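What follows is one structure encoded as structure tokens, with my remarks underneath.
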Amino acid sequence: MLTPVIDEDGAPFWEYAARGELRVQTCGACAEPRFPPRPCCPYCQSFDSTWHRVSGRGRIWSFVVPHPPLLPDYAAQAPYNAVLVELSDSPRVRLAGNVVAAPDAPLDSVDTARLRIGAPVKVVFAEIDGITVPRWLLERG
């Protein structure tokens, strides 16, 4: 399984995730959320930032269902989903991940026919190779 590369700008995201919190870097000057994390605000160019806790709810903005040929670690789990989730309380922020049946469920645990653009989801966290990653559960809606 591929694991994220944690850089200096994104390290707080992963530290909060390890505590079960979804936080988004937010400009300290203009209050605009931004993702991926970076040193300078793309809206006002301020270098001041904070990490704002978000609800962890969103909607599927886009998704794909990869099919073989795939990287060996993923081939056994195909077909699975890869989603972009637009956060409800930070609509400019879209996070990549997977919709799963439970936090520690395999990537193919949700029938891909159940996925729809706009479907409501909520975040859960799973530890993968020592890194806590956000994953998504479908909500009724």
Side-chain angles (χ1 to χ4, degrees), residues 1-112 114-141:
M1 176 114 203
L2 295 174
T3 54
V5 175
I6 300 174
D7 63 10
E8 183 179 340
D9 295 322
F13 176 85
W14 301 107
E15 291 166 11
Y16 288 118
R19 291 189 257 177
E21 297 178 20
L22 188 61
R23 292 192 180 235
V24 174
Q25 187 184 43
T26 304
C27 180
C30 72
E32 285 291 334
R34 62 183 185 249
F35 199 88
R38 51 194 169 259
C40 181
C41 177
Y43 307 103
C44 75
Q45 288 69 54
S46 171
F47 284 89
D48 186 22
S49 68
T50 61
W51 285 86
H52 179 73
R53 190 170 188 170
V54 293
S55 69
R57 288 189 150 59
R59 68 180 188 91
I60 296 175
W61 188 79
S62 184
F63 71 94
V64 297
V65 179
H67 294 278
L70 298 167
L71 294 171
D73 287 348
Y74 290 94
Q77 297 185 69
Y80 59 90
N81 65 78
V83 298
L84 278 179
V85 172
E86 180 179 69
L87 298 180
S88 296
D89 40 9
S90 297
R92 290 190 198 195
V93 173
R94 296 182 186 117
L95 301 178
N98 307 97
V99 174
V100 290
D104 294 322
L107 295 183
D108 64 353
S109 62
V110 171
D111 180 357
T112 57
R114 294 182 57 208
L115 301 180
R116 299 280 183 268
I117 302 296
V121 293
K122 68 178 179 179
V123 74
V124 292
F125 296 93
E127 188 175 319
I128 309 290
D129 296 332
I131 298 175
T132 303
V133 298
R135 293 174 142 198
W136 303 94
L137 299 178
L138 286 172
E139 290 194 291
R140 299 189 192 277

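Computed from a prediction, not measured in an experiment: that's the story for all the values here.
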Practice item. Provide the closest heavy-atom pair for Gly56 versus Trp136 in the form atom of the first, atom of the second, distance. Key: O-CZ3, 3.6 Å
Check your understanding: Closest approach of Ala126 and Asp104, non-hydrogen atoms and distance?
Key -> CB-OD1, 3.6 Å
Check your understanding: If we only count heavy atoms from C-beta on, is the Ser49 to Arg34 side-chain gap below 4.5 Å?
Key -> yes
Point to revise | Beyond-backbone contact of Val99 with Tyr80, side-chain heavy atoms, under 4.5 angstrom | key: no
Review point. Is it true that a side-chain atom of Ser46 and a backbone atom of Asp48 form a donor plus acceptor pair closer than 3.5 Å?
Key: yes
Review point. So, do Arg135 and Ile128 sit near enough that their side-chain heavy atoms are less than 4.5 Å apart?
Key: yes
Practice item. Identify the two heavy atoms, one from Ser90 and one from Val54, that lie closest to each other, and give their separation to 0.1 Å. Key: OG-CG1, 3.8 Å
Practice item. For the residue pair Arg114 and Leu138, establish whether any side-chain heavy-atom pair is separated by less than 4.5 Å. Key: yes
Review point. Does some side-chain heavy atom of Phe35 sit less than 4.5 Å from a side-chain heavy atom of Leu95?
Key: yes
**Study point:** Intermediate values then yes/no, side chain to side chain contact (heavy atoms under 4.5 Å, CB included), Val85 and Trp61
**Key:** CA-CA 5 Å; Val85 172; Trp61 188 79; over 6 Å; no
Check your understanding: Would you say the side chain of Val133 lies within less than 4.5 Å of the side chain of Pro4, judging by non-hydrogen atoms?
Key -> yes
Check your understanding: Atom CG of Leu107 and atom CG of Asn98: how far apart are they, to the nearest 0.5 Å?
Key -> 4.5 Å
Practice item. Quick one: pull up CD in Glu86 and CZ in Arg94 and give me the separation to the nearest 0.5 Å. Key: 5.0 Å
Review point. So does Trp51 have more than 12 non-hydrogen atoms from other groups sitting under 6.0 Å from CH2?
Key: yes
Check your understanding: Where the side chain of Ser88 meets the backbone of Arg57, is there a donor-acceptor pair that is under 3.5 Å apart?
Key -> yes
Exercise for review: Please answer whether the main-chain N or O of Pro36 pairs with a side-chain N or O of Arg38 as donor and acceptor at a distance below 3.5 Å.
Suggested key: yes
Exercise for review: Kindly give the heavy-atom pair with the smallest separation between Pro79 and Thr112, and that separation in Å.
Suggested key: O-CG2, 4.4 Å
Point to revise | Test log, rule side chain to side chain contact (heavy atoms under 4.5 Å, CB included), inputs Val65 and His67 | key: CA-CA 7 Å; Val65 179; His67 294 278; 3.6 Å; yes
Point to revise | Ile60 vs Val121 side-chain heavy atoms within contact, under 4.5 Å | key: yes
**Study point:** Side chain to side chain, Leu137 and Val110, heavy atoms closer than 4.5 Å
**Key:** no
Point to revise | Side-chain (Glu32) to main-chain (Cys41) donor-acceptor, under 3.5 angstrom | key: no
Quiz: residues 6-19 side-chain donor-acceptor pairs under 3.5 angstrom, not counting sequence neighbours:
unit_1 : atom_1 : unit_2 : atom_2 : d
Asp7   : OD1    : Asp9   : N      : 3.4
Asp7   : OD1    : Gly10  : N      : 2.7

Review point. Would you say Asp89's side chain and Ser55's backbone share a donor-acceptor pair under 3.5 angstrom?
Key: yes
Review point. At their closest point, which heavy atom of Arg92 faces which heavy atom of Tyr43, and how far apart are they?
Key: NH1-CE2, 2.5 Å
Exercise for review: For Thr50 and His52, indicate whether the former's side chain and the latter's backbone hold a donor-acceptor pair under 3.5 Å.
Suggested key: no
Practice item. Measure from the side-chain N and O atoms of Ser109 to the backbone N and O of Val100, and report whether any donor-acceptor pair falls under 3.5 Å. Key: no
